[in-house]
Amino acid sequence: MDPKYSLLNDRQLEAVQCTEGPLLILAGAGSGKTRALTYRIAYLIEEMGVAPWNIMAITFTNKAAEEMKERVLQLVDYGDSIWVTTFHSTCVRILRRFIDRLGFDTDFTIYDADDQKTAARHAIKELDLDAKMYKERALVSYISDCKNEMLTPEDMLQDANGSYRETQMARLYERYQAILKRNNALDFDDLLLFTVRLFNENPDILDYYQERFRYILIDEYQDTNRVQFEFVWLLAKKYGNICVVGDDDQSIYRFRGADIRNILEFEDHFPGAKVVKLEQNYRSTTRILDCANAVISHNHGRKDKHLWSDLGEGRAVTFKQYETGNQEADEVIREIRKDVQRGASYSDYAILYRTNAQSRAFEERCVAMSVPYRMVGGVNFYQRAEIKDILAYLKTIAGGKDDMAVQRILNVPKRGIGQATVDKLLLFASLNDISLFEAVKRADHIPGLGKVSGKLLAFAHLIGELRDLDVPLPDLLHEVVHRTDYLSTLDALDEEQAEQKIENIEELTSKALDFENNWEGEQPPTLTEFLEDVALVADIDAVNDDEDRLLLMTIHGAKGLEFENVYLTGLEEGLFPSYMSMSTGDPMDIEEERRLCYVGITRAKRALHLTSARARMLRGDNMYNPVSRFVTEIPPEYLGLSTKKRTDEGFSRAEAPAPRPKPTPKESFGRTFEIKKASSLPYDVGDRVVHQRFGEGTVREITDGKKDFEVLIDFDGYGEKRMFASFAKLERI
DNA sequence: AGTCAGCGAGTTTTT
DNA sequence: CTCGCTGACT
């Protein structure tokens with residue numbers, strides 16, 4: 001056996017060598033589960049002679065998948081022929097091949113949360129129900145819950161048992177599905193659901209994939225839901241070589257349908273399953289682990305587990321209560337900055353919080369004190385209006401079947417095509433059973449449109465032109481922005497906002513460039529492939545490990561990550577645990593919050609700081625909350641507090657910042673995006689130039705920005721405009 | 001068709 | 001506080 005396996009501890013080795021049959025690895029936080037998984041893959045290939053393409057490993061995020069793939073590649077050759085992906089991309093790959101058996105086109109589009117909301121709104125409207133009584137938000141989550149439980153609209157109609165409201169909800173669900181079908185679209189839940197349906201209805205396809213994936217590994221198994229379980233179970237039942245890794249104490253996605261029973265009852269689902277526990281923690285000091293154990297021990301019905309570490313006591317865990325949320329933010333950022341001035345790196349620090357709303361105070365302080373930071377989550381990059389607009393153009397160019405995309409851009413930038421026109425188009429489209437874009441193309445045959453039909457035809461022509469371009473992705477993006485004169489939509493905004501949006505568009509362009517450069521296929525990637533990649537990315541996927549920045553994120557976002565120093569903030573009753581979880585009366589809700597707290601604590605390697613505030617601004621007014629029960633569940637002496645004065649300020653920390661061994665350089669993982677920036681411009685200050693929209697003008701100023709040249713042009717008739725050179729496409733005259 | 005003021009509602013976590 | 005929607009006006 002290869003000597004590298006001696007790097008594993010006994011339990012890890014056991015997990016690696018138990019290759020046949022069902023295996024549950026109960027991996028405590030920081031217990032080296034990724035190591036166990038990657039070595040297991042290597043062992044299967046090297047020692048058991050398993051073909052790499054017979055192995056499938058599934059993770060929850062692309063980032064986790066990439067990391068695992070990379071670590072496997074370091075261990076064995078042919079590592080790249082292993083399927084290491086997320087549930088969702090696996091399903092997309094399968095559906096792209098076979099979804100026609102379910103009556104969809106293989107070029108289906110994927111709806112994100114916003115699209116789902118729009119579809120829900122349409123469904124409510126189509127059934128002519130009171131929007132006050134039937135909220136799209138509630139409908140979307142109802143539908144999602146149904147799908148996670150694999151319940152069809154027909155099932156729900158029956159379950160409704162005559163109840164008016166339940167019946168209406170089921171009908172809305174039905175309607176929603178019809179809308180998606182009409183648009184040849186699938187939502188996130190459908191990806192899983194349809195794949196399972198495909199397997200159930202087509203034994204030949206199921207058999208094909210069962211043969212293909214004889215060895216299956218699932219990461220973060222505690223966060224799988226019912227459909228995901230079904231998917232795994234179907235694939236694994238033939239050979240039974242299923243290895244799942246998880247930690248019931250880290251199950252934090254119940255609200256999304258994750259069913260903790262999947263891991264608690266694994267041995268019932270897969271009879272004869274072997275269980276291996278990884279209990280040695282290689283991440284945190286004992287003081288941090290003590291706190292984690294103290295908190296989680298208040299939960300019931302856990303799998304028996306004793307996490308331990310031999311990394312020594314380490315530094316004391318601290319708890320501080322501040323007067324206000326703003327003060328909390330100010331002091332925390334100040335402390336971190338001080339540590340950095342003494343030699344620490346920002347990238348060794350993470351600030352974690354329960355809700356995204358809390359990020360704002362920290363962000364403001366970072367900006368004010370010039371602390372470099374990176375916020376993960378919040379408003380997703382791909383949810384920003386300008387990005388969605390551009391993507392809607394790309395979707396329309398790619399297929400044109402997605403009515404929602406067409407509707408989004410028909411009048412962006414303004415073309416004088418209003419709602420009344422869109423309604424007529426939609427009516428015509430549904431009467432003739434064609435897509436909205438088809439209707440636009442035939443605008444001159446639609447009665448009652450008048451002169452607006454000319455504008456519609458011009459739009460269709462524009463899309464046709466863009467469709468005919470045979471250029472690389474980043475160039476296509478450029479062309480979309482220019483030929484549609486998209487930047488004119490930014491005129492109404494103030495300069496700062498407009499600049500931010502331009503930067504976002506530039507970032508999208510560089511992502512396209514990056515996508516193309518990393519493409520491994522024989523043919524250059526198609527537009528559809530790019531759109532799919534974009535649809536399935538998560539926020540955390542974009543975190544670049546090389547950046548020396550302080551990280552701000554929710555505790556959910558931090559799952560699976562680790563940091564030298566962690567600030568766990570906002571530890572107040574009503575915030576964490578959240579008011580929602582306290583008011584349902586279901587103790588399971590509080591337990592989930594407690595697991596979340598456990599996850600937060602165990603992200604820390606060497607230093608952990610707990611903070612809270614007496615008063616906190618929320619939705620405009622102040623709330624005054626007591627210190628979180630999770631803090632009081634930790635014995636006060638662990639926090640250096642006397643038992644009597646426990647809610648007072650913790651003792652001050654005089655110790656030096658945690659030193660770091662030396663950053664290990666990571667090759668190829670931190671992908672950098674470079675914007676194509678011209679080395680010089682074909683014009684200079686004082687030259688006369690022409691812009692496609694603003695016409696002629698004189699160059700007043702050229703500033704060399706980080707990413708691009710910024711130019712100030714005095715247009716005859718429009719006055720001075722500041723613009724980015726690469727987008728302005730000015731020509732000298 | 002576009003614009004703007006005024007109003008009401010809403011925030012837990014997300015692939 | 002902030003977003004998004006509605007309805008009246010240009």
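In what follows, chains are A, B, ... by sequence order, proteins preceding strands, each numbered from 1.
Distance, Arg137(A) CZ to dT11(B) C1': 7 Å, rounded to whole Å. If you measure from atom CD of Gln222(A) to atom P of dT13(B), you get 20 Å, rounded to the nearest angstrom. As a whole-Å value, the separation of Glu364(A) CD from dC1(C) P is 13 Å. For the pair Ile417(A) CD1 and dG2(B) P, the computed distance is 9 Å after rounding to whole Å. Following rounding to the nearest Å, Met375(A) (CE) and dT14(B) (C1') show an atom-to-atom distance of 15 Å. Following rounding to the nearest Å, Lys135(A) (NZ) and dG4(C) (P) show an atom-to-atom distance of 16 Å. Counting to the nearest Å, the P atom of dT2(C) and the CG atom of Asn356(A) are 16 Å from each other.
Under 4.0 angstrom from either OP1 or OP2 of dT15(B) there lies no side-chain N or O belonging to Asn148(A). Contact annotation: Lys559(A) does not reach the phosphate of dT14(B) (side-chain N/O to OP1 or OP2, under 4.0 Å).
Here the nucleotide nearest the side chain of Thr554(A), chosen from dA1(B), dG2(B), dT13(B), is dT13(B). Closest approach to the His556(A) side chain among dG2(B), dT13(B), dT15(B) is made by dT13(B) (side chain taken as heavy atoms from C-beta onward). In this structure, of dT11(B), dC5(C), dT14(B), it is dC5(C) that holds the atom nearest to the side chain of Arg121(A).
Contact check of residues 575-582 of chain A against DNA chain B (heavy atom, cut-off under 4.0 Å) returns Ser578(A), Met580(A).
Stacking of Arg256(A) on the aromatic ring of Tyr253(A) is recorded, both the 6.0 Å distance cut-off and the 45° axial limit being met.
At a threshold of 4.0 angstrom between heavy atoms, the contacts of Thr355(A) are confined to the sugar-phosphate backbone, with no base atom among them. Here Arg254(A) lies out of heavy-atom contact (under 4.0 Å) with every strand. Residue contacts for Phe255(A): at a heavy-atom cut-off of 4.0 Å it reaches a base atom on one of the strands shown. Residue-level contact check: Arg360(A) touches the backbone only, with heavy atoms under 4.0 Å from sugar-phosphate atoms and none from bases. Nucleic acid contact class of Asn411(A) (heavy atoms, under 4.0 Å, all strands): sugar-phosphate only.
A centroid separation of less than 6.0 Å is found between the aromatic rings of Phe104(A) and Phe194(A).
Taking 4.5 Å as the limit, some side-chain heavy atom of Ile601(A) sits within range of a side-chain heavy atom of Leu568(A).
The same atom, C1', is picked in dT13(B) and in dG4(C); the two are 23 Å apart, to the nearest Å. dT6(C) and dT11(B) are spaced 23 Å apart, taking the C1' atom of each and rounding to whole Å.
Once the 5.5 Å centre distance and the 30° plane angle are applied, the aromatic ring of Tyr253(A) is found not to be stacked with the base of dT13(B).
Panel note: side chain Ser251(A), backbone Asp248(A); no donor-acceptor pair is recorded below 3.5 Å.
Along DNA chain B, the nucleotide nearest to Asp189(A) and the one nearest to Glu593(A) differ in position, and the one closer to the 5' end is contacted by Glu593(A).
Between Tyr353(A) and Phe362(A), the ring planes are parallel. Angles under 30° get that label, and only those over 60° would be called perpendicular.
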